[in-house]
Amino acid sequence: MKTKGAVLWELGRDWEVVELDLDGPKDGEVLIRYVAAGFCHSDEHLRHGDIVPRFPIVGGHEGAGIIEEVGAGVTKVKPGDHVVCSFIPSCGHCRWCSTGQQNLCDLGATILEGCMPDGSFRFHAEGQDLGAMCMIGTFSQYATISEYSCVKVDDDLPLEKAVLTGCGVPTGWGSAVYAAKVTPGDTVVIFGIGGIGINAVQGAAHAGAANIVAVDPLANKREKAEQFGATHSVASGEEAKTLVGELTRGVGADKAIVTVDIVNEQVVQEAVDAIRKGGRVVITGLADPTKLTVQLSGAMLTLFQKEVIGTLFGNSNPQYDIKKMLDLYRTGHVKLDELVTNTYSLDQVNQGYQDLLDGKNLRGVMLHEH
Ligand SMILES: NC(=O)c1ccc[n+]([C@@H]2O[C@H](COP(=O)([O-])OP(=O)(O)OC[C@H]3O[C@@H](n4cnc5c(N)ncnc54)[C@H](O)[C@@H]3O)[C@@H](O)[C@H]2O)c1
Ligand SMILES: [Zn+2]
Ligand SMILES: [Zn+2]
């Protein structure tokens, strides 16, 4: 069939919305009609070249839609089901899936190739095979994806809000609750209040942190952070360190979470400087994988027994945690509606990313027209 999607043809070029040829679902695959897609910074990394995928690639890895057709052997979903896509598939039986670490599923190996688990491609245009970002390519009206990327959700949920549980919400919430293990009474510092950081604020608040210090140079982000549960907000790491000193009688924060758009050695050092003895730094934000963004004194880590860890998908199990986030939305413990700052059509994809880069959005959401 024919569909329309936003494509990156090569490094540094803007998104181009083009007509695509889409193959139907093979064994274990489904055809999905996307209703909404989120503008996460990770797709911008591909455009800008901080992280280089296989080109060409159809963008978008936060997506929600409705199943149109299923291939042979599909048991997880049926036509008409409402689905939030997980940006890492979960096969259910690899070592990681079978030990409660679905975010590390072996099928995640090809998310930047964008091919199906069998190595083949479903999108084609101009005589080329196109990958799909995270094997889902949610900046397309339709896509053929693995059933392993699907999480069935209740029909009555608004997909244009639920879409944010495909990446930003569980990644940020889980960075605080699962990776940092925030506990009641903690002091937590969160560096970078975008779609990920704001959800780390929500997670830390839900976990009972007494002090949540949001750090972002942008005043609008600091204001939003306070609406989502931050008790304090400052513009720089230096201010955070001074404030945390005052809040903790010089002891330091229990946890620091790095959710800035492009991680560098300075922000990692600031996070490490902000925590107490035995405290933990969680790095969720990304950067060019060839850059050494963690440059620390090992002796200082040893002597102060500090921990520095990375987290993918906020250590969440997407099959469980995407639904959990939606349950918490129903009970009012997780805000989704307030996360959506602006909506865009597919044709406005470059505008959506410009607004992200200009710091205007907590999250922008693309609403597909069919
Ligand atoms: N680990 C994962 O599983 C995972 C998942 C999704 C996204 N990410 C990554 O998380 C990062 C954040 O994504 P996003 O969509 O929230 O980005 P975003 O662009 O929406 O937000 C980033 C924010 O960081 C702020 N910032 C920049 N430098 C800062 C600094 N030195 N101190 C404090 N704040 C600073 C910016 O002003 C902005 O508000 C990206 O690198 C993205 O690729 C990781
Ligand atoms: Zn993302
Ligand atoms: Zn697996």
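Indexing begins at 1, ligand by ligand and atom by atom, following the structure's order. Note: hydrogens, waters and symmetry copies are ignored here, and every other heavy atom, side chains too, is used.
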With the Zn ion (ligand 2) as the apex, the NE2/SG angle for His61 and Cys167 - to 10°
120°
Nitrogen or oxygen of [X] less than 3.5 angstrom from that of ligand 1:
X	result
Asn361	no
Ile196	yes
Leu286	yes
Glu270	no
Thr284	yes
Gly195	yes
Phe313	yes

Atoms in ligand 1 with a heavy atom of [X] nearer than 4.0 Å:
X	answer
Cys167	5 (C), 6 (C)
Val215	33 (C), 34 (N)
Leu218	37 (O)
Thr171	2 (C), 3 (O), 4 (C), 5 (C)
Ser42	6 (C), 7 (C), 8 (N), 42 (C), 43 (O)
Gly285	9 (C), 10 (O), 11 (C), 41 (O)
Lys221	38 (C), 39 (O)
Thr259	12 (C)

Side chain or backbone of [X] under 4.0 Å from ligand 1, or both, or neither, by non-hydrogen atoms?
X	result
Ile262	neither
His45	side chain
Ile193	backbone

Partner of Glu307 under salt bridge (charged side-chain N to carboxylate O under 4.0 Å, His left out), picked from Lys277, Lys255, Arg280, is Arg280
State whether a side-chain donor-acceptor pair under 3.5 Å links [X] with [Y].
X	Y	value
Glu223	Asn220	no
His61	Asp43	yes
Thr284	Thr311	no
Gln269	Glu265	no
Asn361	Asn342	yes
His41	Asp261	no

Short N/O/S contact of Cys40 with the Zn ion (ligand 2) (below 2.8 Å):
yes
Among all the protein's non-hydrogen atoms, which is closest to [atom], and how far away is it?
atom	value
atom 36 (C) of ligand 1	Asp216 OD2, 3.5 Å
atom 27 (C) of ligand 1	Asp261 OD1, 3.2 Å
atom 17 (O) of ligand 1	His41 CB, 3.3 Å
atom 21 (O) of ligand 1	Gly194 CA, 3.2 Å
atom 24 (O) of ligand 1	Gly192 CA, 3.4 Å
atom 11 (C) of ligand 1	Val260 O, 3.3 Å

To 10 degrees, how wide is the angle SG (Cys91) to the Zn ion (ligand 3) to SG (Cys94)?
110°
Are the side chain of His333 and the backbone N or O of Met325 linked by a donor-acceptor pair below 3.5 Å?
no
Looking only at atom types and distance, does a side-chain atom of Thr259 sit under 3.5 Å from a main-chain N or O of Phe191, one as donor and one as acceptor?
yes
Ring centre gap for [X] and [Y] strictly below 6.0 Å:
X	Y	value
Phe139	Tyr34	no
Tyr142	His370	yes
Phe313	Tyr178	no
Trp9	Phe55	no

With side chains defined as the heavy atoms from C-beta onward, is the minimum distance between Ile88 and Cys134 less than 4.5 Å?
no
Evaluate the side-chain proximity of Arg363 to Cys40: yes if any heavy-atom separation is below 4.5 Å, no if none is.
yes
Please determine whether His93 has a backbone or side-chain N, O or S atom lying under 2.8 Å from the Zn ion (ligand 3).
no
Give a yes/no on ligand 1: does [X] have at least one heavy atom closer than 4.0 angstrom to it?
X	result
Arg363	yes
Pro217	yes
Phe87	yes

Can you tell me if CE on Met1 sees more than 12 non-hydrogen neighbours from other groups inside 6.0 Å?
yes
Look at atom CD of Glu338 and say whether more than 12 heavy atoms of other residues, nucleotides or ligands are closer to it than 6.0 Å.
yes
Under 4.0 Å between a Lys/Arg side-chain N and an Asp/Glu carboxylate O for Asp216 and Lys221?
no
